[in-house]
There are 2 protein chains.
Amino acid sequence: MKTYHQQQLDAFGDVTRRALLERLRSGPLPVGELAEGLPVTRPAVSQHLRVLKHAQLVRDEARGTRRYYRLDPRGFASLRSYLDRFWDEALEAFKAKVEEK
Amino acid sequence: MKTYHQQQLDAFGDVTRRALLERLRSGPLPVGELAEGLPVTRPAVSQHLRVLKHAQLVRDEARGTRRYYRLDPRGFASLRSYLDRFWDEALEAFKAKVEEK
DNA sequence: ACTTACGGTAAGCTAATACTTACCGTTATC
DNA sequence: GATAACGGTAAGTATTAGCTTACCGTAAGT
């Protein structure tokens, strides 16, 4: 089993997925529009969106025949708290090292 | 050419590299010790360290025959500011959308 | 000086993952 | 109800990226 922040980091570890996320910053978009301009086909985009969805970085909502994707705050919050915790613990360890000398 | 935050996200997009970074939270370590316990060989670790170094997530320092690796604040700061900026812009866009209605 | 410890690099292999084509289901439109 | 638009899924291919083995250089110890 993979923790969420791991899934989020994996999801961010691909340029195409990052491009998708960047596009979604300006607001929700249907899959077709998301795929436009990208150097990959629409099905590829669908597959990336699935990964992003599992990582809770995007949410989707069907509207008629279109399916709108938007950024999901949950994934970003989780990712951020992981990085913060990570760095805090590193500083903690560093301080401890200094004092022990 | 790749921007730094892209390199950092790529670097974080691998479990072994994340494991290395987590080990380094408790302080600097030589390559041999870093490799111990991991399910991969030492050369593999060296290669991962190279990626992490280019992403400015670790620094290295030779001491005798050993080479100590430690976390590098630069990469983390850069990554954090990217994520913050990313999310800020998303909120900005969201606000603008609401007001325009 | 010889030997051992440490770790980087290259070449080649393997495994993971991104991508495409083909297909199908659903919703809307005529 | 037929057709078109939209998008998800499956199967197979291709590319990427991680891993190993082999090798070399440098620094320390004997």
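Computed from a predicted structure; not experimentally measured. Each chain gets a letter, A, B and so on, in the order the sequences are listed, and its residues count up from 1.
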Aromatic ring pairing A:Y82/A:H5, orientation class (parallel under 30°, perpendicular over 60°, tilted between): parallel
Enclosure of B:Y4 OH (heavy-atom neighbours >12, cutoff 6.0 Å): no
Start and end of the DNA chain D segment that chain B contacts, any atom under 4.0 Å from a heavy atom: D:dG18 to D:dA28
Close residues, residues 30-43 of chain A, relative to DNA chain D [heavy-atom separation under 4.0 Å]: A:P30, A:V31, A:G32, A:R42, A:P43
Side chain to side chain donor-acceptor pair (under 3.5 Å) evaluation trace for B:Q56 with B:S78: CA-CA 9 Å; B:Q56 302 190 327; B:S78 153; over 6 Å; no
Sugar-phosphate, base or nothing in reach of B:Y69, heavy atoms under 4.0 Å: sugar-phosphate
Ion pair A:E61/A:R67, N-O distance below 4.0 Å: no
Heavy-atom neighbours of A:R23 CZ exceed 12 at 6.0 Å: yes
side-chain contact (heavy atoms from CB on, under 4.5 Å) between A:L79 and A:F12, worked out: CA-CA 10 Å; A:L79 184 53; A:F12 257 107; 3.6 Å; yes
5′-ward residue of the pair A:T65/A:V45 relative to DNA chain C: A:V45
Any residue of residues 8-20 of chain A with a heavy atom less than 4.0 Å from an atom of DNA chain C: A:D14, A:T16, A:R17
Test: B:K2 and B:D10 ion pair at under 4.0 Å: yes
Donor-acceptor pair present, A:Q47 side chain and C:dT20 base, under 3.5 Å: yes
Contact residues, residues 48-62 of chain A to DNA chain C [heavy atom, < 4.0 Å]: A:H48
Salt bridge (Lys or Arg N to Asp or Glu O under 4.0 Å) involving A:R25 - partner list, sequence neighbours excluded: A:E22, B:E89
Exceeds 12 heavy-atom contacts within 6.0 angstrom, atom CZ of A:R18: yes
Within 6.0 angstrom of B:F94 CZ, more than 12 heavy atoms from elsewhere: no
side-chain contact (heavy atoms from CB on, under 4.5 Å) between B:F86 and A:L21, intermediate numbers included: CA-CA 9 Å; B:F86 187 98; A:L21 291 173; 3.8 Å; yes
Which pairs of donor and acceptor atoms, one on a side chain in residues 32-50 of chain A, lie under 3.5 Å apart (sequence neighbours left out)?
unit_1	atom_1	unit_2	atom_2	d
A:H48	ND1	A:R17	NH1	3.2

Salt-bridge criterion met for B:R80 and B:D84 (N-O under 4.0 Å): yes
